[in-house]
Amino acid sequence: MLEQELESLATTTYQKKLADCTLQEVYVILLNYVKKQIDDKPKIERKKKLYYVSAEFLIGKMLSNHLINLGIDQQVRQILEKNGFSLAEVEEIELEPSLGNGGLGRLAACFLDSIATLDLPGDGMGLLYHFGLFEQKYENYKQCEYPNPWIQNQSWLNRSQHVYDIQFKNQTVQSRMYELDVLGYHGKKNTLRLFDLETVDESLVKEGIDFDKTAIEKNLTLFLYPDDSDEDGKKLRVYQQYFMVSSSAQYIIETLKQNHCDLRKLNEYVTIQINDTHPVMIILELIRLLHKEGIILKEAISIVSQTCAYTNHTILAEALETWPLSYFEEIVPQLVYIIEALDAIADQRSSLETTAIIDAKGNVHMAAIAIHFGYSINGVAALHTHILETEELKDFYQLYPTHFSNKTNGITFRRWLLGCNRELSTYLDKLIGEEYKNNAKYLEKLLDYQNNQDVLNQIRSIKQLKKQELVTYLKEKQNLVINENSIFDIQVKRLHEYKRQQLNVLYIIYQYLKIKGGYRPQKPLTIIFGAKAAPAYVLAKDIIHTILCLQKLIQDDLEVNPYLSVVMVENYNVTLGEKLFPAADISEQISLASKEASGTGNMKFMLNGAVTLGTDDGANIEIHDLVGDDAIYIFGKKSEEVIAHYKNEDYHAQEYYQDEMIQPLVDFIISQPMLEIGDKKSLKNLYDNLVKKDYFMTLLDVKDYIHTKDRMLQDYLDQDSWSKKMLVNIAKAGYFSSDRVIKQYNDDIWKL
Ligand SMILES: *Cc1c(COP(=O)(O)O)cnc(C)c1O
């Protein structure tokens, strides 16, 4: 049946038999077949609808995901194999949409999958970036950035007829809506709506990722997060944000009017989840549009306040955006009277400066708008929400205690287990039945087998298989050589000082020096990194440089390389993640306690049987509670201590640097062998930073980290007890299904 349909598509499209098609042709045949299947699926409709507005949707490739959600992946695999193809090689043809940066964007993608799976009406709203974040390449052991084009002629994107005028002070541009279907597991569908600048001009990008930041009518949807280290870059972000929210708000109001809904009852028809501060301006824009529709300002403010909910993703100051009021005057003056009105109301509610919308310097605090003029604010893990309530946003919490809640993040098991680790999921199907696919709690059935030798052996051999697959993939794609019989210790996530890749760097140096000193580990260790650094974040790029230099140094050292190797994969993204998570033995989650709001990489590793080496931070704490002391390795100072250091300003890196164990590790960064490979300025910058500043307290935790990791590597040698840790991690990962998270959002916030 399915096979005949694919054959007939091959005949009508290419006048060939399926078996004679090229990979490209097979991909197009599957694409069109799947699109047709999705066309026939009903849309999820109810009285009230959710709009999830986000600057990022890190959705990953779609083909396998759609096949899984349609329930035809096994069948398609078999048909392809019969005709001499593998699904994996066909999927290589698809380019990964580059619409996100890291965890926040990936969360939005997991949420869309779960919203549709739970049969809730909810659309994503965002921007169609032509070149995405950027493509990372390494040249001379340094990160270089290139545009990352991904929009193909034949693709999942559908062009709609919806076009909106977006009005800026000096010009009006047009926004066109594109649509991507979001399919639930065995179910119905929602839509991801992405807005594109009609007059976007890709040829504006000349060298690398440089382009004229002032050519607004050409550049608005070229890149996600263009460099904002200068004034033009900052203003461009304001332009982009307004373009996104005005398009979204116009679409929402237009849809309501078409359905003859009373705009005064907006909150009965619509709820809007604002993902971090980037889309906060939608509050202002909706008020403006309602006011324009003849609703008095005061009422418009009240209506919108009952419609919008905000998720905070981080306590790092850099992400709590503020814009000078003068930017609004210069770019979107139509919003200024609304900002001033909201500021006056906020002043009446609280005279504290910490809760002001416009501060004494004339900066507009976007999070403050969202908290005062939304009905809900949530953090993304228990510790994070606690810190928001008691530290970062405590004055807001005093004002609106009932608006605050916690929603610990999650991940979709369709992609992060069924999709990326079919060997494990089919084994689980046989062992514990398939209920876990609809309710991930049932993964706990696996606990019944924690002392079953055969099951432990199976789980271990699946891990070994996924390690071999990763080795083959990285050899072929990136010409990287990895020993499949080593321990795979993986840290993949954006590069940021707070995530502390530099702490892992110090461990590598420690291990290198130990081996140089004659130590011979029983089992070789491969430390794998993947990380993009923001193009203007100099220290982050210097950390990448240091890692790449260490990789080279160790690779060339015959004394060391049988026991230790360092591998930094290029251009870490969802596609690579799908290969890396299933292959990991050790999951590195080593952020400075209090700084990682939740983390979701930690959950993907756990679900695939890796054991966490982590600090008491974000969702690591919840993982620890679930798996118990024996199946996780926790180290480092607790968040209270870290927060106290910041308050008392009593952390001095210099004092830790004096330690006789720590000093040689830091000094090695600028040692002769490193300088022979790398760039002195970069290496020296990291060295100086660690010795003199170390804002994220690397040296505070380095000793505990080293000892804990050594203990972990020792424990790995006991195969059975290690396999049991793997099993417990898989069994307990059910809590982190994004289906659970979305149910909580709906029960507590959206009420769809
Ligand atoms: C899950 C994921 C992230 C988030 O990882 P963290 O370790 O939580 O920061 C970032 N990038 C990609 C591609 C991911 O899949």
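All of these numbers come straight from a predicted model, not from anything done at the bench. One-based numbering, in listed order, for ligands and for the atoms of each.
Looking from atom 8 (O) of ligand 1 to the surrounding protein, the closest heavy atom is T600 N, 2.8 Å. For atom 7 (O) of ligand 1, the nearest non-hydrogen atom of the protein is K493 NZ, 2.7 Å. Of the protein's heavy atoms, K604 NZ, 2.5 Å lies nearest to atom 2 (C) of ligand 1. Regarding atom 5 (O) of ligand 1, its nearest protein heavy-atom neighbour is G601 N, 3.7 Å. Summary of contacts: the protein heavy atom closest to atom 11 (N) of ligand 1 is Y572 CE2, 3.6 Å.
Two rings, from W150 and H130, have their centers 6.0 Å or more apart. Between Y225 and H278, the distance from one ring center to the other falls under 6.0 angstrom. Close placement of the Y705 and F635 rings is indicated, their centers lying within 6.0 Å of each other.
Ligand-side atoms of ligand 1 in range of K499: 9 (O), range being under 4.0 angstrom from any heavy atom. For ligand 1, the atoms lying closer than 4.0 Å to a non-hydrogen atom of G599 are 8 (O). Near W416, with a cut-off below 4.0 Å to any heavy atom, the atoms of ligand 1 are 15 (O).
Considering only heavy atoms from C-beta on, K532 stays 4.5 Å or farther from L495 through its side chain. Side-chain contact between N746 and L50: absent, with no pair of heavy atoms (C-beta onward) separated by less than 4.5 Å.
Checked by atom type, the side-chain pair S591/D617 shows a donor-acceptor distance below 3.5 Å.
Of the heavy atoms in R494, none comes closer than 4.0 Å to ligand 1.
Note: no N/O pair closer than 3.5 Å links R106 and ligand 1 by distance alone. Below 3.5 Å of separation, one finds no N or O of V574 facing any N or O of ligand 1. No N or O atom of N573 sits closer than 3.5 Å to an N or O atom of ligand 1.
Applying the ring-ring contact (aromatic ring centres under 6.0 Å, His included) criterion to Y146, with sequence neighbours excluded, gives no partner residue.
Using a 4.0 Å cut-off between charged nitrogen and carboxylate oxygen, K142 and E139 do not count as a salt-bridge pair.
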